[in-house]
There are 2 protein chains.
Amino acid sequence: MLDPKIVAELESVVGEQFVLTTPEDLIAYSYDATFTSAKPDLIVLPANTQQVSEVLKVANREIIPVVTRGMGSGLAAGSIPFGGGIVLALTRMDRLLEIDRDNMMATAEAGIIASELADAVAREGYLYPPDPTSDSYSTLGGNIACNAGGARCLKYGITGHYVMALEVVLADGRIMRLGGKATKNVTGYDLVHLIVGSEGTLAVVTEATVRFIAAPETERMAQAFFPKLVDAGRAINAVLASGANPSMIEIMDETAIRSVEEFLHMGLPLDIEAILLIQTDGDEADATRGIEIAAEICRQNGATEVQVAATPQERKDMWLARGSISGSLGRIRPNKLGEDVTVPHSAIPEMIARIKDISAKHDLPIVIFGHAGDGNLHPNILFDKRDPEESHRVEAAVGDLFRASVEMGGSLSGEHGVGVLKKPYLELALGPIAVEMQKRIKQAWDPNNILNPGKIFD
Amino acid sequence: MLDPKIVAELESVVGEQFVLTTPEDLIAYSYDATFTSAKPDLIVLPANTQQVSEVLKVANREIIPVVTRGMGSGLAAGSIPFGGGIVLALTRMDRLLEIDRDNMMATAEAGIIASELADAVAREGYLYPPDPTSDSYSTLGGNIACNAGGARCLKYGITGHYVMALEVVLADGRIMRLGGKATKNVTGYDLVHLIVGSEGTLAVVTEATVRFIAAPETERMAQAFFPKLVDAGRAINAVLASGANPSMIEIMDETAIRSVEEFLHMGLPLDIEAILLIQTDGDEADATRGIEIAAEICRQNGATEVQVAATPQERKDMWLARGSISGSLGRIRPNKLGEDVTVPHSAIPEMIARIKDISAKHDLPIVIFGHAGDGNLHPNILFDKRDPEESHRVEAAVGDLFRASVEMGGSLSGEHGVGVLKKPYLELALGPIAVEMQKRIKQAWDPNNILNPGKIFD
């Protein structure tokens, strides 16, 4: 528990009603989208950057951990306050500050919901491409902290590629502005992109300027049924090397197909090993040409059936299967652990084979789906967390997944971050020297280790 | 002069013939593409990463400055050894190590000439987009150190956007590998892009893996003549907001036009204030549609004549004017100082007006050309460096240029880096806090300050 004097000081900064301390509040801010939880000492809800600055000055002086949090949708336990202290929830700081059409950039506070930003940009006729599956409830600040991706990132890149400028508060409470609206800028070290993906350990992001792009006129979608998974892997590489220029290539393995089919009865075939869902965009001619190239490549690489959506409704129906996987899995086992391994895309067929071996070895169903086009798979381990022995096998399987990914030149996380859950594997993935050099930066920037301590590394 | 024992130790690492110490050698490695120069104590030419590691161990133990250098084409004095010490020239490390077609990535040693890498990729039918004007003689390592851009970067981004993995040697000689071939990777801090653009101050880049993309089928080019410069600025913004998707938009002001015309007698009109040179690429239909959209927008925004090149030869002829500006300027004044300011593209017309004011104020001809589409202008100040009073006015004009850029939300450098020449203005551009936080990283990574000391900041 914090000294009442400090609580009073924080209340004087943000107002009494914005410092939460009831048992119910502590529980509400104790978890994210993982299985873990830990209660903070209190929650502070600042209204603006100046208040964030004042809160951090107090925390730094008293050496109190500060865990910055958006909507708590993280999948790596990055926003759980394991060491207690202050949860700094930025949800009140959700204003869209500017849409700059001339420079095609938007500026918003960190607590804005990601899709609200994207919708505001869309209303102006433009596209903000990052599309994490969580974007209807995750915040821009959270997306930046984890450098979030999404299906469309195959063609358009991840959140970091769109961040032009940041306003951040340092551990000592000083406010720092980085970057700007100049699209080329090599004036000193790239601190903007050091902070993107740093999961709240280097600074608190309070405001961001992101660029947007001209919206493609239209989209096309195709789904291809592959009796052999390995053929689907080959088709992915062939489509990427062609002129099809897909905006997404998603994969569903046979377990995912079966799970969705039993849930929705869409008429998906149950005798195939994989479905690829491919999308193209651009003007009518481009998008159509691209999807036709992709469809032909799938046929040449062993797809027995390729359907091209003729209408927007058919596109929605096709996406429904992919979009329903996660929800349908609860029918198989009560719990699931969704991982986020990423491999070079040439290694996707091999990675899928390895995941199947791991599933058999630990006697756990593992469903494979995800952003195959960019090598980012979401193997979901299905289990019952009330069974401690089974939970133990899940842990072992996760370790095997990470080792397989790293052996193939991949990484622990494509878009969720390291948080706490992947911390034990960080050195395996990066080597001891790279971890040490990261720690040196952390130490240099946050010598009292108050910003999200214990996340990414110890 | 270095202790002969240390010289002998370095000779034992790389071989006697690869440690250069004659007065001629010291002069040869004393300058870059700027007006400044300073002699090192000696030059070391390592053959591989292991030798770089051994050299750095010696330098770190003895606290000797190490200035890493490629071909010395830098425009900010970043590779000049002002404090003496060792010039570590990586020109022998110029091997292309791998073209990985499946993952569309190439791996090469840092000393490879940038265009040799791009040509090797092109022979496989792909495109490595970064195209700094120096690419036929600058090295990949130098491009990475400065995060180099080029005309095509408007559409395709700068060098850093293509760097997937690095092998670097730290100040203490340890070898660190960063990144990989997984296209999405949020495992820990993004050290790859901290090092890109750090101008040799944080680590020595010895090897890099870069991605390449499908090559566009064809290109189209148009040039538009604008009686009013401000109209050209408006047209740039309108083209960017349209679906034209240009791969480059270059600008030439009336001084540049006149200089080229007097040099080449191409028939360029001398009664206009600006030429825009616009390129599109893609398949035939796309590239053609894009250039037609751009041409129409130029006409609607005050261009009195718009020519679309009908053949590849006509495209070459159009580019000849832009490509000849630099060479033609010597006819006006014996010396030129090429700057690299970048502003948000909406501010281009205003920036051009400010540059003209600065030219008048200091009574110095300033030619304006550059990558207008991404806001990166290259104002070239023409002068005679034998005249100390004039050289003094050049310095004052440069200061005014930087202040104007920063006031408009721009930066000191779009693609050349800070080096030594822009160091006095760093705090103006970034503010004291951001400079301090950069220094903290430098201090944490290179506590003896041996890696390119005195560059970017003191």
With only heavy atoms counted, which part of [X] is less than 4.5 Å from chain A, the side chain, the backbone, both or neither?
X	answer
B:S242	backbone
B:I433	both
B:H416	backbone
B:A214	side chain
B:L412	both
B:F457	side chain
B:Q443	neither
B:V418	both

Exercise for the section: Mind ranking A:G417, A:G188, A:G282, A:G125 by heavy-atom pairs under 4.5 Å with chain B and telling me who comes out on top? Expected result: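 Maximum pair count with chain B is reached by A:G188.
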Exercise for the section: Please determine, among A:S413, A:A238, A:A76, the option with the most heavy-atom pairs under 4.5 Å with chain B. Expected result: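 That would be A:S413.
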Let's test your reading of the structure: which of [options] forms the most heavy-atom pairs below 4.5 Å with chain A?
options	result
B:D100, B:L202, B:V196	B:L202
B:M105, B:K423, B:E415, B:H371	B:E415
B:I456, B:I213, B:D286	B:D286
B:A444, B:A434, B:G414	B:G414
B:G157, B:S198, B:C153	B:S198
B:N237, B:V343, B:L426	B:V343

Practice task
Could you check if a side-chain atom of B:N147 sits within less than 4.5 angstrom of a side-chain atom of A:D190, using non-hydrogen atoms only?
Solution key: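 In short, these two side chains do not touch, never coming nearer than 4.5 Å.
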What's the spacing between [X] [atom1] and [Y] [atom2] if we round to 0.5 Å?
X	Y	atom1	atom2	value
B:T183	A:D374	OG1	CG	4.5 Å
A:T187	B:D340	OG1	CG	8.0 Å
B:H193	A:H193	NE2	NE2	8.5 Å
A:Y189	B:M437	OH	CE	13.5 Å
B:R289	A:D283	CZ	CG	4.0 Å
A:L191	B:Q438	CG	CD	4.5 Å

Practice task
May I ask you to list the residues in residues 163-181 of chain B that approach chain A closer than 4.5 angstrom, counting heavy atoms only, ordered by number?
Solution key: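 Hits under 4.5 Å: B:L170, B:D172, B:R174, B:I175, B:M176, B:R177, B:L178, B:K181.
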Problem - For A:K184 against B:S411, the heavy-atom pair lying closest together - result: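 Nearest pair, atom of A:K184 first, then B:S411: O-OG, 3.8 Å.
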Handout entry: Test item: B:S346 side-chain N/O and A:D102 main-chain N/O as donor-acceptor pair under 3.5 Å
Key =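 Side chain of B:S346 to backbone of A:D102: no pair is present.
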Practice task
For the pair A:T342 (side chain) and B:N185 (backbone), establish whether a donor and an acceptor sit closer than 3.5 Å, ignoring hydrogens and angles.
Solution key: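 No.
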